[in-house]
Amino acid sequence: MYPVVGRENMLSVLAGRLSTTLQGSGGCISIEGPIGAGKTRMLRETACEGAEQGLTVAYIRAGIIDQPTPVRELITFLQHVMSSESEFDDLVRPDVNPFWLADRLSELIGDAARKRPLLIVIDDAQRADEISGLVLQGLVRSLASSPVLWLLARRPVPARSLAQHAIGWLSEHATVQLHLGPLDDEAVAALCAGVLGAKPDTSVLRWAARCGGNPWLLENLLSALMEAGQVVIVDGTASVLAARLPESVLATVDRLLGELPLVVRRLLMHDRRIGHTFTIEEAAALLGEAAPELSPSVDEAVQAGLIQRTGAKLAFVQDVIGEALQHVGFRGGEPVPSAPTTITQVSRSEPIGPAEAFVPPAAPVPGRPVVSPPPQACGCDEITAQAMSALGDVSDKAPVTLVRALRLLIGAGRGAEAGRLADIAVRAGIEMIADEHLVLEFAQGLQDAGCHDMPAELLQRTLARRDLRDLDRAKIQGLLGDTERRLMRVSGMAPKLGNGRSASLAHAFVTDRDTEIGGETGATGRLICVAEPWQAPARSDGDTCERPLWTWMTRALIAADQFEDAAAVCAAIKQESEKLGEAWSEPLWHGSRAEMLVTAGRLDEARVAAETGLRVMDRSAPNDSVPARAILARISLHHGDTATASEHLRMAERLVPKDPGADKGSLDWALAQFHAVCGRPSMAVQTLISVEGEVAPDILLFTEAPTAAATLVRLARKAGLSPEAELAAEFARRITDSNPAVESLAGGAEHAEGLLRHDPAALHRAVEHYQLSGRPLATGSALEDAAQEEQAIRNQAQAVRLLGSALDLYADCGARRDVSRVQRKLRNLGVHNIGAPAAERPTSGWESLTSAELRVVRAIVDGRTNKEAASMLFLSPHTVDSHLRRVFAKLGINCRVELTKHFIEHEAS
């Protein structure tokens, strides 16, 4: 192996620090540089030198897939060094407190260093996980006076995570900071000579210049030229014969780009069509995006050392990369598209007769929902079953909870998913037939939605019980007979598709000529029932879902106000998925978690959860990020940040499937709220509902967002869209009548009705329902509307009281824009002693603690462990640790005993 060139002075500095460590004085050295600058090579040279001088060396590389984290590697190293002298079992528990872990590791490393000085090398430190980053920061600080030399190498990256902040702090406060830049011409020539084993001539140096002084890229280029037989050596001088870039270099460039985030790779891959030099505006025009949206990607590419900025012009630092990107054979990791499939496989137990030939689906009728098949199984049934069994751990009312959630799902047009979940529930031990009242409730819901097969089977199984009372048996027999008659009628009359499934039951808009089909006419005379739902088809293992089945269970539980149950299910889903080691959609899981946190008014925690979902997108389908982006857009609107909301909405709209049956409710709801905030009430309304435009309301959206109907009524009144206001209120009432036990839906119906009829009493009832459902943002909205109606009847004192309550709720949620709006309303009513918004909270002391931090404090003071507190509060143990860390910093304490003393002083009463 040829020696390191161009870094001799830095190697000398590192050798000096090794000697200092051997003499008993440690420290931290940070080596920073772009991709391919030679950081790893310097680490290895220094590690070998340290071992030769007598140091005990640990070499750890962060971010390696399927490998232990840096902290786990460090623990393994200590186990080897200290043999059986210490106990290590407590250090590897998944719920271990990082502060305690840092303290314990500090003791162990200090003990080991007293026997022999240590050199601990961390390569690719920018990839460290959160726990490792925090623990390393604590270790370097606590062991500053010990004979331990820390050697960290990292690539400059934006500090988006707590781990990156911690590693960045270590780099900035390191004893020695080394920055690796491009090699100069002399070092490039020396490196060429070392790789080729001969003096380079001008042809070699011209090729070397295309690498922009990047040693890793240059080594790979020269090796590729040699393997291609394009290098000749005559009389000790090497020459390159090639005129074009060797094909094998493409894989090298692809591997280099693989080190970058997806958005940066996408920028570089598209910019290959512009040329070597380009501007942000040119790249934006090519990608169809706004220039400001690309700026972060450009900045990251500049930090990575791949692009250089000269004024407004951007250019590749290494010409080789630009040439590789424009090479016809370069795909940058893009899959080769497969030819479209033209053959459809049909599996059925009976032969197809001449009268059963396949009939293509008819063209969609404007205004009618396009009925699509329900999702097939994707192997997620087992995960869903295990997660569903977690309901029994929350309470002994799991069957009641599940039936209400599934009935709500059925009424929202998702009968097939509800049917599959019901089937899994029985297999998971949640036996719904144990309670005949639940059977009647669930079967009636399925029948109302047009799903006839499952209620018939469920009713027959229940009738087989010998302990049924005569009255209940008669009710079940009556419902069974009605179900069988409907099933026969549907079988005989409903048009069949090729697989024998019927069409779906949904309330939808139709044209006047369609009303002769039959059905129920709504308040506007244009709302009827059409079609029958898809029945759940037979499925085989390995099929794929439009969405994993567990997402529908969590959504149904959240919509039914069962937050604690949803939390338990989510935790079980994550645990089971990781245990089985199966591929699962983390972005969708984080999106579900963020939705529950938003619903509970915990906006800051929801934002963190949604952003976490976006950070793990590289392992999932692109459209899995749509729920997280829609949630981030809504949170941004609550914070008054319309620019960020607009960015998330634009990205989500590009990713959402284009087929008419796609689940776009969350995105449409966020879009409507965005238009409303931007002063476009008419556009906001018509995004969700339009009589003239025949835009049918999404029942699923009205179910999951109880305030949607009231929001539409309020905006429709502003825009003069009376039919839409009436229809929105009617929809809310129908959904509530079908789900009378769900408090938030009852609140939504009262809220919409109160706004439509200017009824303060209805609005006060809405407030009560929302409060019982545990939805503070919805409660605040109803309080504002109730205050307006009270003000209209000159009840100013009541209006001020209601607005004050709304202000407190919004401030506790961190909804800054809503806080400002209510403050303006109070000032208009002559109230001037308005409390400071949450943004003006003190930075230290007990008063500086946020509501989220106080919830964690109360749980810890009650004697719960971090893991128990995390489970109770629907947080990860890492998040609980993060909250406690901030609490300790604000209060200037470092243990739980002191925390308890503060709690007794301020909140014990």
Side-chain angles (χ1 to χ4, degrees), residues 157-162 164-165 261-264 266-267 280-281 283-284 287-301 303 587-588 590-599 601-617 622-656 664-680 683-684 687 705 711 777 781 810-811 813-821 837-841 850 852:
V157 295
R160 296 195 179 107
S161 68
L162 191 59
Q164 290 166 350
H165 277 291
L262 181 61
V263 66
V264 180
R266 182 168 169 260
L267 169 70
I280 292 182
E281 287 71 22
L287 294 172
E289 296 183 1
E293 296 177 2
L294 288 185
S295 293
S297 301
V298 170
D299 293 340
E300 189 156 357
Q303 282 186 312
L588 285 177
H590 286 291
S592 297
R593 182 171 181 270
E595 182 63 49
M596 205 205 80
L597 292 169
V598 167
T599 302
R602 293 150 66 177
L603 296 183
D604 290 340
E605 296 171 58
R607 178 181 55 79
V608 172
E611 288 176 346
T612 303
L614 296 186
R615 284 198 294 271
V616 296
M617 269 310 301
N623 64 322
D624 284 357
S625 70
V626 171
R629 289 198 177 276
I631 291 167
L632 286 171
R634 287 160 49 198
I635 294 172
S636 299
L637 293 176
H638 281 296
H639 289 168
D641 185 358
T642 55
T644 300
S646 175
E647 177 183 353
H648 284 300
L649 290 172
R650 278 198 292 268
M651 289 295 295
E653 282 190 296
R654 294 191 187 99
L655 295 172
V656 74
K664 303 189 345 178
S666 62
L667 177 57
D668 288 342
W669 176 227
L671 279 169
Q673 291 175 294
F674 177 76
H675 290 315
V677 170
C678 294
R680 298 187 288 267
M683 188 176 296
T687 298
T711 301
L777 291 172
S781 176
Y810 290 145
C813 294
R816 296 189 290 272
R817 175 179 169 273
D818 304 281
V819 166
S820 299
R821 183 182 63 249
E840 298 177 12
R841 191 188 304 274
T850 66

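All residue numbers refer to positions in the sequence shown, counting from 1. Note that the structure is a prediction, hence the values are computed from the model and not measured.
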Q: A side-chain contact here means heavy atoms from C-beta on lying under 4.5 Å apart; do Ile631 and Ser666 qualify?
A: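 No. Closest side-chain heavy atoms not under 4.5 Å.
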Q: If you measure from CZ on Phe674 to CZ on Arg650, what distance do you get to the nearest 0.5 Å?
A: 7.5 Å
Q: Take Met651 and Arg654 through the test side chain to side chain contact (heavy atoms under 4.5 Å, CB included) and record every step on the way to the result.
A: CA-CA 5 Å; Met651 289 295 295; Arg654 294 191 187 99; 3.6 Å; yes
Q: Looking only at heavy atoms, which two atoms of Ala684 and Ala672 are closest? And how far apart?
A: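 Heavy atoms only, the tightest pair is CB-O, 3.2 Å.
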Q: Specify the closest pair of heavy atoms between Ala652 and Val626, including all atoms of both residues, with the distance to one decimal.
A: O-CG2, 3.9 Å
Q: Identify which one of Arg680, His675, Gln673 satisfies the side-chain contact (heavy atoms from CB on, under 4.5 Å) criterion when paired with Thr687.
A: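 Checked Arg680, His675, Gln673 against Thr687; only one passes side-chain contact (heavy atoms from CB on, under 4.5 Å): His675.
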Q: Going by side-chain contact (heavy atoms from CB on, under 4.5 Å), His638 matches just one of Val677, Asp818, Val819. Which one?
A: Asp818
Q: Walk me through it: do Asp604 and Val608 pass the test side chain to side chain contact (heavy atoms under 4.5 Å, CB included)?
A: CA-CA 6 Å; Asp604 290 340; Val608 172; 5.9 Å; no
Q: When rounded to the nearest 0.5 angstrom, what distance separates CG in Leu614 from CG in Asp624?
A: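 One gets 11.5 Å once the value is rounded to the nearest 0.5 Å.
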Q: Please give me the minimum heavy-atom distance between Arg629 and Leu655, naming the atom from each residue.
A: NE-CD1, 4.5 Å
Q: Could you state the interatomic distance from OG (Ser592) to CD (Glu595), rounded to the nearest 0.5 Å?
A: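 Rounded to the nearest 0.5 Å, the OG-CD separation comes to 8.5 Å.
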Q: If every non-hydrogen atom of Trp669 is compared with every non-hydrogen atom of Ala705, which pair is closest and at what distance?
A: NE1-CB, 3.8 Å
Q: Using 0.5 Å steps for rounding, measure from the NE2 atom of His590 to the CG atom of Leu597.
A: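 One gets 11.5 Å once the value is rounded to the nearest 0.5 Å.
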Q: Closest heavy-atom contact between Glu653 and Leu671?
A: OE2-CD1, 3.6 Å
Q: Using distance alone, with no hydrogens and no angle criterion, decide if Ser820 and Arg816 have a side-chain donor and acceptor under 3.5 Å apart.
A: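 No pair is found: no donor N or O on one side chain lies under 3.5 Å from an acceptor on the other.
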Q: If I take atom SG from residue Cys678 and atom CG from residue Leu637, how far apart are they, to the nearest 0.5 angstrom?
A: 7.5 Å
Q: Do you know which two heavy atoms are closest between Val598 and Arg634, and how far apart they sit?
A: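 Looking at all heavy atoms of both residues, the shortest contact is CG1-NH2, 3.5 Å.
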